[in-house]
Structure formats: structure tokens, C-alpha cells
Amino acid sequence: MRKLISFMHCSLDGFVAGPQGEMDWITVDEEIFDYAGQRINETDTALYGRVTYQMMESYWPHAAEQPGATRHDIEHSGWYKGVAKIVLSTSLQGKPPAHTTIISDHIGDNIKAIKQVPGRDILIFGSPTATHALMKHDLIDDYWLFINPIVLGEGIPLFPDHHQRRKLRLKTSQNFSSGVIALYYEGQCNP
């Protein structure tokens with residue numbers, strides 16, 4: 001069975017965005033891009049909420065063609081164009097682009113079915129609302145967290161009050177020169 005992995009930046013106090021969804025505090029540099037890119041390239045499916053998907057779709061399909069495109073822009077744009085995309089949304093209308101599936105209802109059943117289809121891991125990029133919906137159904141297997149050296153004090157929490165108890169095991173960690181720490185937690189059976 002495929003794993004569903006949450007791939008998220010968060011503050012030291014556990015927020016994934018500020019109170020208005022702001023993410024200007026997130027540190028991303030070439031060192032982090034290179035590290036994350038290694039893991040991203042091991043997957044064949046990306047899962048997004050509507051807001052994150054629309055942000056990604058507005059940039060990544062053509063990022064490699066822009067003047068001054070970085071190596072990361074070129075590599076990630078190629079990956080993004082070819083990867084299967086799943087979007088959790090009740091408001092997206094019309095025919096989705098190629099390689100894109102929109103799930104608007106029965107999230108638990110639909111994601112469980114997708115996890116049974118042969119393939120590589122599925123990464124949830126950001127998308128706190130979608131992540132919270134998947135947590136309610138206990139569908140997230142692992143967490144890949146990029147802890148940024150900042151205390152926000154308030155905002156959108158990674159683990160909302162309604163999350164279920166889940167035992168995790170630290171699989172890997174990586175310190176970056178920016179002060180960000182990547183932690184990869186693998187899920188274990190719930191007690």
C-alpha cells in the first residue's frame with residue numbers, strides 16, 4: 001500500500017501559516033530545495049487543497065520557461081508537469097488539467113482507494129485545510145516537517161484540537177545552515 005506523507009513547513013510552536021494564511025516567515029533556500037527535491041523525486045503523486053493547488057498551478061507548469069529560471073525551477077517544473085495531482089475541493093469547477101483528479105466528497109473512501117493503487121508515495125504539499133481533513137480520517141501515514149526557527153504565537157496549527165492520538169517514530173533529521181530542521185516521522189500503529 002502507498003504511503004500518504006504530509007510535507008509541511010511549520011513554526012517552532014506548531015503553526016503552518018499565520019492568522020491570515022501568511023507564509024512570509026518560511027525559510028526556503030537552495031540547500032533546502034536540494035534536500036526536499038531528493039524526496040519529492042521519489043514520489044509519483046502530489047495532493048493539494050484547492051488554495052495550494054491554484055497557487056502551484058499558476059506557477060510551476062511554466063516556471064522552467066521563465067527568464068532567469070533556477071535549476072530548482074527547471075527540475076521541479078518538469079516533475080510537476082508529469083506527476084499525478086489530487087486536489088481536495090468542493091468548489092473547483094470544469095474539467096481538470098491532465099494528470100489531475102478532483103475529489104469533492106467521500107474523502108476517506110476516495111483516498112483509501114487511491115492508496116491501494118500500485119505506485120509510489122503520495123505527498124501532501126502544505127494545504128493545511130486538506131491536511132486537517134485527512135487527519136480526521138486517519139489517512140496520513142508519515143510527516144515530513146520543516147521546522148522554521150520562529151515562534152508565531154498564533155495562526156493555523158499543524159495539529160488542530162480534533163486530531164487523533166498517533167504514535168510516530170523519528171526516521172531521519174537534517175539541520176540546515178538557515179536554522180531550519182527537517183524531521184521525518186514515520187507512523188506506527190495507534191495504541
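In what follows, residues are counted from 1 in the order of the sequence shown.
In terms of modelled atom types and a separation under 3.5 Å, the side chain of D44 and the main chain of R120 share a donor-acceptor contact. S58 places a side-chain N or O within donor-acceptor distance of the main-chain N or O of M55, the cut-off being under 3.5 Å. For S127 (side chain) and A130 (main-chain N/O), no donor-acceptor pair under 3.5 Å exists by modelled atom type. Of the possible polar contacts, none joining the D121 side chain to the T43 backbone as a donor-acceptor pair under 3.5 Å is found. Listed for the N148 side chain is no donor-acceptor partner under 3.5 Å among the backbone atoms of I150. For H132 (side chain) and L158 (main-chain N/O), a donor-acceptor pair under 3.5 Å exists by modelled atom type. A donor-acceptor pair is defined here as one N or O able to donate and one able to accept, closer than 3.5 Å; such a pair exists between the side chain of N110 and the backbone of D105. Within the 3.5 Å criterion, the main-chain N or O of Q20 finds a donor-acceptor partner in the side chain of E22.
At a threshold of 4.5 Å between side-chain heavy atoms, the hydrophobic network of Ile, Leu, Val, Met, Phe, Trp and Tyr places V16 and L4 in one connected group. Under a hydrophobic clustering in which Ile, Leu, Val, Met, Phe, Trp and Tyr are joined whenever their side-chain heavy atoms come within less than 4.5 Å, directly or via other members, L145 and V151 fall into the same cluster. At a threshold of 4.5 Å between side-chain heavy atoms, the hydrophobic network of Ile, Leu, Val, Met, Phe, Trp and Tyr places I181 and L170 in one connected group. Residues V87 and I122 do not share a hydrophobic cluster, defined by chaining ILVMFWY side chains whose heavy atoms lie under 4.5 Å apart. Under the 4.5 Å side-chain contact rule for hydrophobic residues, I111 and L92 do not share a cluster.
The side chain to side chain contact (heavy atoms under 4.5 Å, CB included) with V180 is formed by just one residue from the set I32, N175, I147; it is I32. Residue Y143 is tested with F159, Y185, F7 for a ring-ring contact (aromatic ring centres under 6.0 Å, His included); the sole match is F159.
When all heavy atoms of D142 and G187 are compared, the closest pair comes out as OD1-N, 2.9 Å. In terms of heavy-atom proximity, A133 sits nearest to I107 at CB-CD1, 4.3 Å. For the pair P157 and P160, the tightest heavy-atom approach, listed with the atom from each and the gap, is CG-CA, 4.1 Å. Nearest heavy-atom pair, P61 versus S77, reported as atom, atom and distance to 0.1 Å: O-OG, 3.7 Å. Annotation for D29 and S178: closest pair OD2-CB, 3.8 Å, computed over non-hydrogen atoms. Contact detail for A69 and A63: the closest heavy-atom pair is CB-O, 3.5 Å.
Proximity of L134 to L47: side-chain heavy atoms (C-beta onward) are separated by under 4.5 Å at one or more points. In this structure the side chain of R50 never reaches within 4.5 angstrom of the side chain of T129, judged on heavy atoms. Side chains of R39 and I5 form a contact here, defined as non-hydrogen atoms less than 4.5 Å apart. Residues E75 and N41 fail the side-chain proximity criterion, which asks for heavy atoms closer than 4.5 Å. With contacts defined as side-chain heavy-atom distances shorter than 4.5 Å, the pair T131/M8 qualifies. Between R71 and E30, some side-chain heavy-atom pair lies under the 4.5 Å cut-off. Side-chain contact between T45 and R2 is present, with heavy atoms from C-beta onward closer than 4.5 Å. Between P96 and K85, the closest side-chain pair of non-hydrogen atoms is not below 4.5 Å.
Remark: K115 engages D141 in a salt bridge, criterion side-chain N to carboxylate O under 4.0 Å.
With rounding to the nearest 0.5 Å, the separation of NE2 in H99 from OH in Y80 is 11.0 Å. To the nearest 0.5 Å, atoms NE2 (H9) and CH2 (W144) are separated by 12.0 Å. Taking CD1 of I102 as the reference point, atom NZ of K95 lies at 11.0 Å (rounded to 0.5 Å). With rounding to the nearest 0.5 angstrom, the CG atom of L183 is 14.5 Å from the NZ atom of K171. Expressed to the nearest 0.5 Å, how far CG of D109 lies from CG of L139 amounts to 9.5 Å. Distance check: H137 NE2 to H106 NE2 gives 10.5 Å after rounding to the nearest 0.5 Å.
Surrounding NE2 of H62 are at most 12 heavy atoms belonging to other residues, nucleotides or ligands under 6.0 Å away. More than 12 heavy atoms of other residues, nucleotides or ligands lie within 6.0 Å of CD in Q116, so this atom counts as buried by the packing criterion.
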For the pair Y48 and W60, evaluate ring pair (Phe, Tyr, Trp, His ring centres under 6.0 Å) and give the outcome as yes or no after the intermediate values. CA-CA 14 Å; Y48 304 102; W60 287 114; over 10 Å; no
Could you walk me through whether S11 and W25 pass the side-chain contact (heavy atoms from CB on, under 4.5 Å) test, one step at a time? CA-CA 8 Å; S11 66; W25 52 271; 4.2 Å; yes
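Taking the six-membered ring where the residue is Trp, F146 and F176 present parallel rings, their angle staying beneath 30° rather than reaching 60°. Using the six-membered ring where Trp is involved, H76 and H72 have ring planes that are parallel, under 30° apart on the 30 and 60° scheme.
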